[in-house]
Protein chains: 2
Amino acid sequence: MPRAKTTPQKSAADDAECCVPNPSTGRGRARTVGSYAVLCKALADETRLEILVMLAERTGTLCACEIEAHFDLSQPTISHHLRILREAGLVRVERRGTWNHYTLERQTVAKLAALAALLST
Amino acid sequence: MPRAKTTPQKSAADDAECCVPNPSTGRGRARTVGSYAVLCKALADETRLEILVMLAERTGTLCACEIEAHFDLSQPTISHHLRILREAGLVRVERRGTWNHYTLERQTVAKLAALAALLST
DNA sequence: GTACTGGATCGACGTTTATCAATCCAGCGT
DNA sequence: ACGCTGGATTGATAAACGTCGATCCAGTAC
């Protein structure tokens, strides 16, 4: 606990405080963070990041089978990653007949940029 | 891998292709991703995100004791999170006497913006 | 109808992660 | 020298995560 207030003398270092007095502690928007946590969690995997880069490189859509062909992972694993990306709002799926076409949800990517901006303030 | 690609030839479905022909198998540059994965992993925790927001709100530094006082977590847990943030290059620590002062490493935050830009291409 | 195929879901297994209590280390003060 | 204090390190534990094989479901083609 920051108990350094008991001796306010200017003994050796007057500013030997542990930190700045910490006023009002801007506790305000440090609570909106949960929304970004799920987003970052979805991005915190190399496979998922690579999928997103694949989608970003192609402006069009990409079907799941092609995504799957790009990795040495099993089909359930890719399906699992796509599910996480979908639930995070990072990709959108469109069923065309039997095949699923995925597109990047750039609106959610913008949220990542918003986080970067929030931390640059 | 029994699910090997059978390369759906034009059996009967003329244009019912699963996706665009997929030429050149763009396997190229989707490899830079590993660098971003560690960054996102460090961000993929609510506590760590909140610490970063605290640091971003204050332009100055923040000592570990004050960070610890903000959470209901034990001291080793906070120390663990700070370690991960440090190893990810997101914060820089400066030992002043007994206390450790942390500052946000905005250069690394810029890397997050770079990822957002990469995905917006 | 049956047969086939793209994809999701279900268990299960091994690894990683967040958390804690206990301990250890390094400065500071008397 | 001591004691005290801020922080890091060390196990240990429980939850979450990534991966797979097996299975199931929904379209399509025959």
Side-chain angles (χ1 to χ4, degrees), chain A residues 1-7 9-13 15-19 37-38 40-51 61-69 71-88 91 93-102, chain B residues 1-19 37-38 40-51 61-69 71-88 91 93-102:
Chain A
M1 307 317 170
R3 184 66 54 189
K5 268 304 194 183
T6 50
T7 55
Q9 274 75 4
K10 56 180 194 304
S11 59
D15 64 329
E17 277 303 317
C18 122
C19 14
V38 287
C40 290
K41 255 184 236 249
L43 294 166
D45 184 277
E46 216 168 312
T47 302
R48 290 198 288 270
L49 270 179
E50 211 166 318
I51 292 176
T61 72
L62 215 52
C63 88
C65 69
E66 184 171 7
I67 296 176
E68 181 187 335
F71 298 92
D72 272 356
L73 300 172
S74 68
Q75 176 265 323
T77 298
I78 298 293
S79 184
H80 165 68
H81 287 309
L82 287 173
R83 179 175 142 94
I84 290 182
L85 290 175
R86 209 183 326 133
E87 288 179 353
V91 302
V93 63
E94 183 188 353
R95 287 188 173 80
R96 274 188 222 163
T98 318
W99 297 289
N100 288 10
H101 290 240
Y102 285 87
Chain B
M1 319 355 167
R3 180 54 81 221
K5 58 166 73 169
T6 47
T7 312
Q9 295 298 69
K10 48 165 112 35
S11 57
D14 17 62
D15 63 328
E17 275 305 318
C18 116
C19 16
V38 287
C40 290
K41 255 185 238 245
L43 294 167
D45 183 278
E46 215 168 313
T47 301
R48 291 197 288 269
L49 271 180
E50 212 167 316
I51 292 175
T61 71
L62 215 51
C63 88
C65 69
E66 185 169 7
I67 296 175
E68 182 187 334
F71 297 93
D72 272 356
L73 301 172
S74 68
Q75 176 264 324
T77 299
I78 298 294
S79 183
H80 164 69
H81 287 308
L82 287 173
R83 179 172 141 97
I84 290 182
L85 290 175
R86 209 184 326 135
E87 288 178 354
V91 301
V93 64
E94 182 190 352
R95 286 188 173 80
R96 274 188 223 163
T98 317
W99 297 290
N100 289 9
H101 290 240
Y102 285 87

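Residue numbers begin at 1 in each chain, while the letters A, B, ... track the order of the sequences.
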For atom [atom1] of [X] and atom [atom2] of [N], their distance in whole Å:
| X | N | atom1 | atom2 | result |
| --- | --- | --- | --- | --- |
| R95(A) | dG27(D) | CZ | P | 8 Å |
| I67(B) | dG7(D) | CD1 | P | 9 Å |
| R96(A) | dT5(C) | CZ | C1' | 19 Å |
| W99(B) | dA8(D) | CH2 | C1' | 17 Å |
| E66(A) | dG6(C) | CD | P | 14 Å |
| L82(B) | dT9(D) | CG | P | 11 Å |
| I51(A) | dG7(C) | CD1 | C1' | 14 Å |
| I78(A) | dT9(C) | CD1 | P | 15 Å |

>> Please report the interatomic distance CD(E68(A)) to CG(L62(A)), rounded to the nearest 0.5 Å.
In response: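 Reported value, rounded in 0.5 Å steps: 12.0 Å.
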
Enumerate the protein-to-nucleotides 16-20 of chain C contacts in which both atoms are nitrogen or oxygen and the separation is below 3.5 Å.
| unit_1 | atom_1 | unit_2 | atom_2 | d |
| --- | --- | --- | --- | --- |
| dA18(C) | OP1 | R48(B) | NH1 | 3.4 |
| dA18(C) | OP1 | R48(B) | NH2 | 2.9 |
| dT19(C) | OP2 | H81(B) | NE2 | 2.3 |
| dC20(C) | OP2 | S74(B) | N | 2.8 |
| dC20(C) | OP2 | S74(B) | OG | 3.0 |
| dC20(C) | OP2 | T77(B) | OG1 | 2.8 |

>> Mind checking if S79(A) touches a base, just sugar-phosphate, or nothing, with heavy atoms under 4.0 Å?
In response: base

> What is the minimum heavy-atom distance between V91(B) and L82(B), and which atoms define it?
Replying inline: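 Smallest interatomic distance, heavy atoms only, reads CG2-O, 4.2 Å.
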
> What are the two closest heavy atoms between A42(B) and R48(B), and how far apart are they?
Replying inline: O-NE, 2.7 Å

> Which pairs with one or both residues in residues 72-86 of chain B pass salt bridge (charged side-chain N to carboxylate O under 4.0 Å, His left out), sequence neighbours excluded?
Replying inline: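 Output for this query lists R83(B)-E87(B).
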
>> Out of the candidates R95(A), H101(A), R96(A), only one should pair with W99(A) under the side-chain contact (heavy atoms from CB on, under 4.5 Å) rule; please name it.
In response: H101(A)

>> Using the rule given for side chain to side chain contact (heavy atoms under 4.5 Å, CB included), can you reason through H81(B) versus I67(B), listing the C-alpha separation, both sets of side-chain angles and the distance that settles it, and then say yes or no?
In response: CA-CA 11 Å; H81(B) 287 308; I67(B) 296 175; over 6 Å; no

> Would one find a side-chain N or O of R83(A) under 4.0 angstrom from OP1 or OP2 of dT9(C)?
Replying inline: yes

> Is the distance from OP1 or OP2 of dG6(C) to the nearest side-chain N or O of N100(A) less than 4.0 Å?
Replying inline: no

> What nucleotide among dA8(C), dG7(D), dG7(C) has an atom nearest to a side-chain atom of A64(B)?
Replying inline: dG7(D)

> Excluding sequence neighbours, so at least two apart, what forms side-chain hydrogen bond (donor to acceptor under 3.5 Å, both in side chains) with T98(B)?
Replying inline: none

